[in-house]
Every structure is written in C-alpha cells, then in structure tokens.
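I have placed the structure first, in the form of structure tokens, so that the comments after it can refer back to it.
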2 protein chains.
Amino acid sequence: MSVMLQMFADCGALSAFPPVSSTLSPQRAMSLAGPLLPPRTVVFLEGLARSPQYRVVDGCVATAQTLVDGRRQIIDLVGPGRLIGLGFGDQNRYSAETLGFTRLEAVSESMAQGERDLALSEMLARSQSLVMLLGRKTAPERVASALIDLAEQFGRAARDRKRRSVTFHLYPTRGDLADWLGLTIETVSRCLTRLKKAGLIEIRHGDLVTVLDPEQLSGVAAGARALTN
Amino acid sequence: MSVMLQMFADCGALSAFPPVSSTLSPQRAMSLAGPLLPPRTVVFLEGLARSPQYRVVDGCVATAQTLVDGRRQIIDLVGPGRLIGLGFGDQNRYSAETLGFTRLEAVSESMAQGERDLALSEMLARSQSLVMLLGRKTAPERVASALIDLAEQFGRAARDRKRRSVTFHLYPTRGDLADWLGLTIETVSRCLTRLKKAGLIEIRHGDLVTVLDPEQLSGVAAGARALTN
DNA sequence: CGTTCACTTGACACTCCTCAAAAGGAGTGG
DNA sequence: CCACTCCTTTTGAGGAGTGTCAAGTGAACG
C-alpha cells in the first residue's frame, strides 16, 4: 500500500529532528508538557499494549485502523484541546500518528471521571458523524464536510470577518484525507479542484486553505448544492 | 413507520411471547421490566429531548441518524444485554426503533460509572468498526461482516456443533441492512444471493439465517476470499 | 539543475446505484 | 380453497460515480 510507504519515507526524511521515536520511553513521553513531535511520528500502535493518554496541545494527530491487507481507515483527525488514547481495553484499538509538528501533553489515567465521560461521548458523536458521512454521502459532500470540520478545529482567529472566510493549515495530505473519507487520492484531488474552480475555497502553498464561502460550502456538504463540474 | 406484519408471524413462531397490544402508553413502556414492544416501535427520536436509558432484554433495536433530505444511516443494531440512550447531551443524537418484538428494561441515569464507561467504550469500538467497514470494505465484505456480527449477537445456543454452524433470527430487513451497510436494498439482496449460492449461508422463511461455513464467511468478510459470481 | 515526492489531470474500467419488472409470501375475501 | 392484493425480495439492464492506471506538473531539496 503506497500510503504506508509514504509514511516510511517521510519519517526518514524528517529524522533530522530530535529522536522522539515511537519506542520512546514512557517516562519521557509522559512528561507533562512534551517535546515538539515532527510530522509522521507514531504516538502509539494498534494492537500493542495500551498507551498512556494525551491531550493535543498544538498540531494534529490522526487515529487510524488498518486491515490485514493494508487498507487504512482514519478514524479521526484530532486537533488542539482534544484527547487521544481513551476508551481502551488492554491494548490499543487504533494507531495514532502526528500529521504536522505536534505538541502533546500527558493526561493522567486518573483524570476526572466527568472529563473522561465527556471526552468519550464526544468521540462517540464524532465517530457517528463519520459513519453518516461514509455510509450516505457522495464524494463532494464528504470533502466539503471534511473542510468544514477542519476549519472548526484548526481555523485561525485571523479571519476575514467581512466575508466570514476562515483560513486554516491543512495538516492531512490528500492521502490522509482519502483514508479519512473512504475515497482515493485522485477523487479527493478532483473534488478539491472543483471546489476551487467554484470559488468556494482557495489553497495556497498546498496546505493553507481558505474557505471563501462557508454558506455554499455547507450547502455542498449537505447535498443541497450540486457543485457543477 | 409501517408495522411489518411478517415479523409478527415469525416472532410468534420462534418463541412463545405472550400476546400484547401494539399500542402502548409511555408509562408502561418505561416501567422497569417493560412490556413487549412490537416491531417498528420508535423508542426515541433524534433531536427531541433526551430520553431515558434502556437495556435491550430481548429482541433488537436499531439506532439511526437521518439527513435532512431523508437519507438514513443505521448507527448500530443492538441485541440483548446491550444499552441504548447513553452518551447524550440535552437531546437525542439519534433515533431508536425496534426491529422485532423487543423487551426493554429501564436503566437508571445514576448507573454505576464503571458500567456506563464500559458501555460507552463498547459503543465507541463498534462505531469505529462500522467506520472501517463503510470506509474501506466492498459490498460482499460488508454483508459478510454484518452476518458475522448478527450471528454473534443473536446466534442461538442451538448450533450444529459438528459444522460449527450458527442460526439466528434476522431482525433487519434488506432495507435496514442497506441503511446499516451504506448500500442499497438491491446490492444487499445480490450479495446474500451470492453467499447462498456459494453455500456459505442459508435463509429460510426470509428471516432465519444459518451460517453454514463460518470459516469461509470470515474469509469473505476480510476480503481474503473473492466470492465468485 | 536534477531528483524526489506530492499533487493534478486524463482515459478507461468496474463496482454499485437506478430504474424496471418479475417472483415469492402473507393476509383477505369470495 | 382459490384468486386477489399488497409488500418485500429478487433479478435484470443500463448508467453514474468512483477507482485504477498512467502520465504530467510543480515545488522542495540536495
């Protein structure tokens, strides 16, 4: 699977950063305000002994499951403030990997029960939204929905209030988006191109997205607007 | 919400349920060991004020979300022992509906925190499995996976131990399965036909399913076996 | 200045959806 | 007991949307 090979390549290419590999000792990983993790750092792996819990302070983490034949499905993209590593049994049910420079913060196992409950409920709600998206939405609807979600999670305060436009850093690659939305890289790319040509979004430098028309983008996400080719 | 008359006959034949009128007062439905609810009874509705929590004692409940344009996605099929109505805010995030004659049991809001936590975690894990299924599995894989899940939840003790076959009552209609698996009725039907012709399953009276070859069915579910047309 | 890698674009194939009709069961009334 | 209807399921034919394969573009980096 090409996506996996990309991961390896990226890991190698970025190894100039401090060696915070996945085999990091628990102590150091848990230190309360953790180090800056480079992109494509594996935080923990599906199937291995249960990892500690973290809060994403800054950056982005993808949680994913992989089938035996290599097919990958991203379960969620987690932005600042949200937790990863909850709700496990004795082993991780999914892998977690950074998508950009990311700072994590260890969260004690004995966190407030109410906080844990809330976080679990939120994860469940998001998972159910993804189920709806994957089961019943078309490719353009999926991509539009994804952009709206990312805008909410990663949108900058620096917005054009006049047009209500929002700009955010697009942490996931086309491949990540494809694995999240149940599509292929090519389909994601085509949908983004169509959204650009329709004037609903703008992408600069490959990873800086501006939502120019939130109203219409929501319309596309809901299937109300057709998005002419 | 049409009542499926077919279910009446079959349910009656399968287990000697006491006869119960199909129109129930909410009070009686909420009493601790509730009455027998007929098929297609709406337990609670998405968007309305938060409902109490229930445990499914016997039968089957479908939880589902619906888009504004009517597209429906079943979030989960819930069998005996499992809970519905957890993890909400102030309003229901999905609807719940019985798929066969079903007995519910009210569960207090102040249930043991550990129990609630476990139930939430299980719901999350199942939701994530569904995400994997919807995002990355083909139609035959989805149908085979669904049958395996249903066999585990509803399989009878009366099994042919020799061939390890399992028989269960198929509560969901083809339409329900389609809405669960992100497919259409026709595709579900075609996949079931192919599974029957391949000798992996058998369906009697439309809703009594026997898994004849669990091994190969698992193979199909995992994408290992191709399921020749 | 060439290499690499992500992304884009095009042509084509295939799975699954749509539309349509037939088949199968269950209940109803003659 | 046999039509008759209603509804679900099955089956078929055709088409749309997305995947696959391949080539091309552009940016980052050595």
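Computed from a predicted structure; not experimentally measured. Lettering follows sequence order; numbering is per chain, from 1.
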Once hydrogens and angles are ignored, does a donor-acceptor distance under 3.5 Å link the base of D/dG17 to the side chain of A/R190?
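Per atom types, no contact qualifies.
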Would you kindly check whether a donor in the side chain of A/E186 faces an acceptor in the base of C/dC7, or vice versa, at under 3.5 angstrom?
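There is none.
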Output the rounded distance in Å from [atom1] ([X]) to [atom2] ([N]).
{"X": "A/I185", "N": "D/dT18", "atom1": "CD1", "atom2": "P", "answer": "17 Å"}
{"X": "A/R136", "N": "C/dC16", "atom1": "CZ", "atom2": "P", "answer": "14 Å"}
{"X": "A/L192", "N": "C/dC7", "atom1": "CG", "atom2": "C1'", "answer": "10 Å"}
{"X": "B/L181", "N": "C/dC17", "atom1": "CG", "atom2": "C1'", "answer": "15 Å"}
{"X": "A/R142", "N": "D/dT18", "atom1": "CZ", "atom2": "P", "answer": "7 Å"}
{"X": "B/I203", "N": "D/dT10", "atom1": "CD1", "atom2": "C1'", "answer": "12 Å"}
{"X": "B/D207", "N": "D/dT10", "atom1": "CG", "atom2": "P", "answer": "12 Å"}
{"X": "A/R194", "N": "D/dT18", "atom1": "CZ", "atom2": "P", "answer": "8 Å"}

Are a donor atom and an acceptor atom from the side chains of B/R82 and B/Q153 found within less than 3.5 Å of each other?
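Note: B/R82 and B/Q153 side chains meet the donor-acceptor criterion.
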Closest-nucleotide ordering on DNA chain D, the 5'-leading residue of A/A139 and B/K196
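Taking each residue's closest nucleotide, the earlier one in sequence belongs to B/K196.
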Starting from the 5' end of DNA chain D, give me the residue, B/S189 or A/P140, whose nearest nucleotide shows up first.
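That would be B/S189.
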Within less than 4.0 Å of OP1 or OP2 of [N], is there a side-chain N or O belonging to [X]?
{"X": "B/R174", "N": "D/dT10", "value": "yes"}
{"X": "A/T184", "N": "D/dT20", "value": "no"}
{"X": "B/T193", "N": "D/dT11", "value": "yes"}

Passing option when A/L104 is tested against A/D58, A/V61, A/V57 for side-chain contact (heavy atoms from CB on, under 4.5 Å)
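Of all the options given, the one that passes is A/V61.
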side-chain contact (heavy atoms from CB on, under 4.5 Å) evaluation trace for B/V56 with B/T102:
CA-CA 7 Å; B/V56 176; B/T102 302; 4.2 Å; yes
Run the side-chain contact (heavy atoms from CB on, under 4.5 Å) check on B/L130 and B/D76 step by step: do they pass?
CA-CA 8 Å; B/L130 185 56; B/D76 202 358; over 6 Å; no
Select base, sugar-phosphate, or nothing to describe what B/L183 touches, counting heavy atoms under 4.0 Å on all strands.
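Sugar-phosphate contact only.
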Mind running salt bridge (Lys or Arg N to Asp or Glu O under 4.0 Å) on A/E202 and A/R204 for me, showing each step along the way?
CA-CA 7 Å; A/E202 193 180 61; A/R204 293 186 298 270; 2.5 Å; yes
